Each structure stands twice: as structure tokens, then as C-alpha cells.
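Before any comments, here is the structure.
Treat the numbers as computed from the prediction; the structure is a model and nothing was measured.
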Amino acid sequence: MNDFAGMEELLSDFLLEAGEMLSDVDSKLMELEKYPNDSKLLNEIFRGFHTIKGGAGFLNAGELVTLCHLTENLFDKLRNHELTLSAELMDVIFAATAEVRRMFGALQQNLQPGAAPAEILDNLKAALSGKAVVAVSAKPASPAAGAAQTTQAIDGVDWDALYNALTGGTDIAAKVGVARDPEKIAEAISEEEATNKAFGRRASDVPGATVGRRDGDVPAKEAKESTIRVDTVRLDQVLNLSGEIGLTKNRLTHLRSDIMQGRNDADTLRDLDQSVTQLDMLVVNLQNAVMKTRMQPIGRLFKKYPRLARDLARSLGKDVELVLSGEETEMDKTMIEDLNDPLVHLVRNAVDHGVETIEGRIAAGKPEKSLVELSARQEGDHILITIADDGRGMRPEVIRNKAIEKGLITTEVANTLDESQCLELIFLPGFSTKDEISSVSGRGVGMDVVKTNIQKLNGVVNIQSEPGKGTVLTISLPLTLAILPVLILRLGEQSFAVPLSMVREILSITPDQLQRVSGRATMVVRGEVLPVLSLAQLIGWEQSANPEVGVLMQFGNNSFILSADGFAGHDDVVIKSLDTFRPKGVAGVTMSSEGDIVLILDIKELLSDVRGH
């Protein structure tokens, strides 16, 4: 169904502009909560809702216009000092912005959004009339939708839609009965939710999301943006380089014609060499310029999280401020989108687990307000993202004992772990320090999701924590995944590539250096005994008798030596994915300068086969 037939382009432009404007409004609302009398902020938020309302009017989105109009009028009274901002009024305003975002979700599906819940509209109208608003319970923002979910009043529920939306074997209709008594309905729904919690979560469930959605609700997984904003200066640079490459190509075509006609004198060969060198330089510059068009400031992602932290903190009775820094740091847009889920989990984890309650902080002699800092910076060809809190910190022995209690590791293994390795146990699937499951945490999937998603981006996560002082998690990521620095290894005549980020050293291997420990090949490197894994064995080829080259590989805390027949240098390659057929352990393919196909290996996947995971 398409409610906007013939208006798709207008709708797309509106969603792009209004989505950014709403995110900006959310950020300014967070500032307004600190400085409630700031007239500049009040005016900017007023203009934001006014602009969104105008665009919605062009699209005939009546329910969105109604909601924005009421909110706009509210800010008009606030900026004219006819009303005073209170904590309860701020909750109503945040609920309204969440509902606007929900309506954007409907528009993304080419559907007219449904009406806002009566509770929100009534509160806005009451505030405009100078009456007291009904307290709105603060709910943590949904990671997918990026805004607090709101519930509909009992009298306004579409019961047929509710029944069809709920899943599972519970016959709610039988429990509710024909009369549909509200008390029985609430009891039945409560039982249903308790059953879902007892048996864990479906793969399609989203933490913090409600069961079932009204027509027009934002989908559980938002579609990735297919557009990108590029500075015209960068596009002009790409255009200029393309023109210069065209001129160089014409020069090479002319030189080829001369050579084909037998002109092989020194001047012709010198011109050919100069033209090829110039082309090489231009192609490198064009490649860099194109890569820069994909680079976006990470602040566009960061600005979503202060609202998330604020809503979650209020629901938990905590006072938390999320401080952002390094928002101007740029990285590949596709990686920024894939970072959303891990960062949502880390921010929620810092607010829920990391920082103490107000009473706990007072007892520990700390300020009532907790600080969580989310920062980004570039170091060389990597981006470092840090999430730091001034909370209770983590005790390695408590984490180790909890992992043993949950059966995730054995006591024998636990006794071999140092403090750093104990902290990393929080990344194990199923690990949680919470004994009870809540809407925020307790299922043991959050940090597992973080590590898995970061590894997919060729990144690593490190933890530092001091009990009583706080915790710092650092994510290291490459600037882009479009171009990958690799080391080219050889098995016989075939070339294979491994990510250069995992390579620490290249060693020569002689038979007398290899030693057998429990039947496995090992090698001593600067006093450390490391396992030696044959590349041929990993990919299922016939193993070479005497491998000549060893590559010291490291990812996370795992180190080993990968043996091969030789290596052919390193290169920056563009990965071509294998969409229709991808052998296990192969991340993609590229082409060497000689024109040969080179397989890019997924070392983590190959190692998981060796370990039997």
C-alpha cells in the first residue's frame, strides 16, 4: 500500500531534512533541560517543529501536523514566558518528539501515520491551557527507533489489532472473555509478557520495544539510509581529477599508436614512462578523493545518545549526563551505520550497570550526577571510540565467579585467567551480572552483540576498569572497509591475502625452530611459545613439507604463527564480495597486479573451524 503515490521524491526529501532536524531538536532539548530559560534554544526548537509541520502539511500528513502544531504552540508560549518549563512538562515534550519519530517510521513505509496517543495530545492541550499535566513515566529509548516508546490508553486500544499482534500459545481472547474487561485484559497481557521473559527473546525482538505495534509505528529495524550528503568542494575535486585522468588517457592512447607504428626511440619511451607515472598519481588521488566523499562526521551518530541516556537514567532513578567529544571525527558512512547497535548497548550498559544510583554515589562520596563520556578520535589509519563512566567499576573476581556460576567457563579455566582476561568474560554469550531480567538488561546478549558487531568491522574492543572509580571501553576501528591493506602470502603458485591489521611480524621458519608440544607445532618467539598453524591446513590443502615463512598474527588477545611457502609483499586492495557463492573462510576476492585472482581470507572464521566452535 502506498499513500504517497506520485509524491515519492518529495517524501524522500522531507524525511531526509526532517529526520536531521528532529535529531537536532532532540539535542537542543537535552541542552534546554540544563538551561530552561535559554531564549535562543527555545526559539530554535520552536522553528524546528514549525518547519517539520510545514513539510508534513505538503504531504497531507494530518496527524503529524496536529502533533507538531500543538508542540509548536507550547514552545511559542515558553519563549514568550507565558509558561514555565518543568520536569513533568519536559517528559511530555520528549514523549511528543518520540511520537514524531514514530510517525516518520510510518512515512518511511509510504503510509500515513496514525494518530498520536490521546495521553500525549491531552497533556499538550492541558499545558497550553495552563493546567497541570499528567506525569509521564520515563521509558528508556528503543535502540532501533532511537526514541522512547509510548503506550496507548486502554480506552483507545484496537483490540483486534492487539490480539493479532501478540504471538505465542497463550489464548488471550479466552482469558479476556467477550466482555473485554480492562482489568482482565491488563492481567492477560502481563502474563504474556512474563512468559516471553521466562523463555528469553526471539531473534527478531528488539530490547526495550513493546509487544506489537500500532499501524504506522516505526519498524523494529530501520532501513539504512541510501543517500549521503557530500560537500561540493569534494565533488569538484573528484571532477577535476577525472578530467585530468581523461587527458592522460588521451596521451597514452597517442603514445600507444606511435609505438604500434614502430616508434621506439628514447623520447617516446620517456614520454610513456612519464604518462604512466602521472596516471598512477592521479588514480591514487582520485581514489582518496572518492573515499572522502563517503566520510561523514561521527557526531551525526553520537547526537542520538544523550536522549537515550537521559530517558534510561530517569527510568532507573539515576542522574546521568552523557558528554560528547570528537564529534567532528570522520569515518566511512556505512561503518557509522553499523556502529549504532554496539554503541546503543554500551551507552545503556554504562547507565544501567556502570554508574550508581544517587544514594549509592552519595554513600561513596561522589557527586550525585554521574558522567558518561563518549568520545572519538583518529590515530593513524584507525578510529578510536571511547565510552568512559565514573561509576562503580568492575571487579575481576566477581566477574570470574559469575561466569563460573552461569556455567560459561570451568573453575580450572577460570584459575588461569589474569585480571584483564577476567574483564573480557563479559563478552561471553549469556553472561550477565543481573539475576533478574528487566526491559533493560539481564538476558546476557548486550556485550556479546557489541564484540560480534565490532569484529565484523575488523575492530577490537579493550576494557580497563578500576573498582570504585569507573570503566573505560575502547573500540579501535579502521577508517574504512572499502579499501583493505593486506599481506599477500603464497602457497605454491596460488596467492592468498590476510588483513595487514592482524599482522605483527614476518618471520623465517627453519625446521630446527619448530618444536612439538602435545603433538602440535610450536615456535618460540622472544621467549613466548606460540602455536604454528599451516595456511595449507587451514584451507584444506595438502600441507607443504617445509614452509619457509611465518607470519605472527594477532587479534584480541590471541596470537599465533601462520606458516606459508612465501609472501609477495603487501597492497591496498578493493574487496569484491562473493554474493552468490562464498566458500567458508573467504571474506572476498581481489586481483593482483599480474592479473591473478587473490582470495582474501577470513582468519577468524578459519580459526573457529580449527577450534571446533
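Panel note: side chain R348, backbone H353; no donor-acceptor pair is recorded below 3.5 Å. Of the possible polar contacts, none joining the R310 side chain to the L322 backbone as a donor-acceptor pair under 3.5 Å is found. Distance alone, capped at 3.5 Å, places no donor-acceptor pair between the K366 side chain and the G360 backbone. For the pair D390 (side chain) and L371 (backbone), a donor-acceptor distance under 3.5 Å is present. Distance alone, capped at 3.5 Å, is enough to place a donor-acceptor pair between the K318 side chain and the V351 backbone. Under the 3.5 Å distance criterion, the side-chain polar atoms of N123 are matched with a main-chain donor or acceptor of E119.
Applying the 6.0 Å contact sphere to NE2 of H382 captures more than 12 heavy atoms from other residues, nucleotides or ligands. Under a cut-off of 6.0 angstrom, the local environment of CD in Q464 is sparse, with at most 12 non-hydrogen atoms contributed by other residues, nucleotides or ligands. Summarising the local packing, CD of E82 is surrounded by more than 12 heavy atoms from other residues, nucleotides or ligands at distances under 6.0 Å.
Put simply, the side chain of R377 reaches to within 4.5 Å of the side chain of T386, judged on heavy atoms. A heavy-atom distance below 4.5 Å is not found between the side chains of Y305 and I387. Side chains of T471 and I463 form a contact here, defined as non-hydrogen atoms less than 4.5 Å apart. You'll find the side chain of L374 reaches within 4.5 Å of the side chain of I385, heavy atoms only. Counting heavy atoms from C-beta on, the side chains of D319 and R361 never come closer than 4.5 Å. Inter-residue side-chain proximity for V92 and L74 is flagged as unmet; no heavy-atom pair is nearer than 4.5 Å. Between L308 and V344 there is a side-chain heavy-atom pair separated by less than 4.5 Å. Proximity of K304 to L301: side-chain heavy atoms (C-beta onward) are separated by under 4.5 Å at one or more points.
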In sequence, state the C-alpha distance, the side-chain angles, and the governing distance for K402 and E405, and then conclude on salt bridge (charged side-chain N to carboxylate O under 4.0 Å, His left out).
-> CA-CA 5 Å; K402 200 71 177 180; E405 177 189 324; 3.7 Å; yes
Side chain to side chain donor-acceptor pair (under 3.5 Å) between R307 and T97: does it pass, once the steps are laid out?
-> CA-CA 11 Å; R307 168 72 185 276; T97 60; 2.9 Å; yes
So R102 and E99, salt bridge (charged side-chain N to carboxylate O under 4.0 Å, His left out) or not? Walk me through it.
-> CA-CA 5 Å; R102 193 273 304 173; E99 188 62 22; 2.3 Å; yes
Worked check of salt bridge (charged side-chain N to carboxylate O under 4.0 Å, His left out) between D448 and K451 = CA-CA 5 Å; D448 174 36; K451 187 171 185 179; over 6 Å; no
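Contact between L477 and G459 at its shortest, heavy atoms only, is CD2-CA, 3.8 Å.
One distance of note links CE of M331 with CG of L479; it measures 7.5 Å at 0.5 Å rounding. Taking CD from E337 and CZ from R300, the interatomic distance works out to 11.5 Å, rounded to the nearest 0.5 Å. Rounded to the nearest 0.5 Å, atoms CZ (R395) and CG (N401) are 12.5 Å apart. Summarising the geometry, atom NE2 belonging to H50 is positioned 11.0 Å from atom SG belonging to C68; distances are rounded to the nearest 0.5 Å.
Across L32, L41, L85, a single residue satisfies side-chain contact (heavy atoms from CB on, under 4.5 Å) together with F75, and that is L32.
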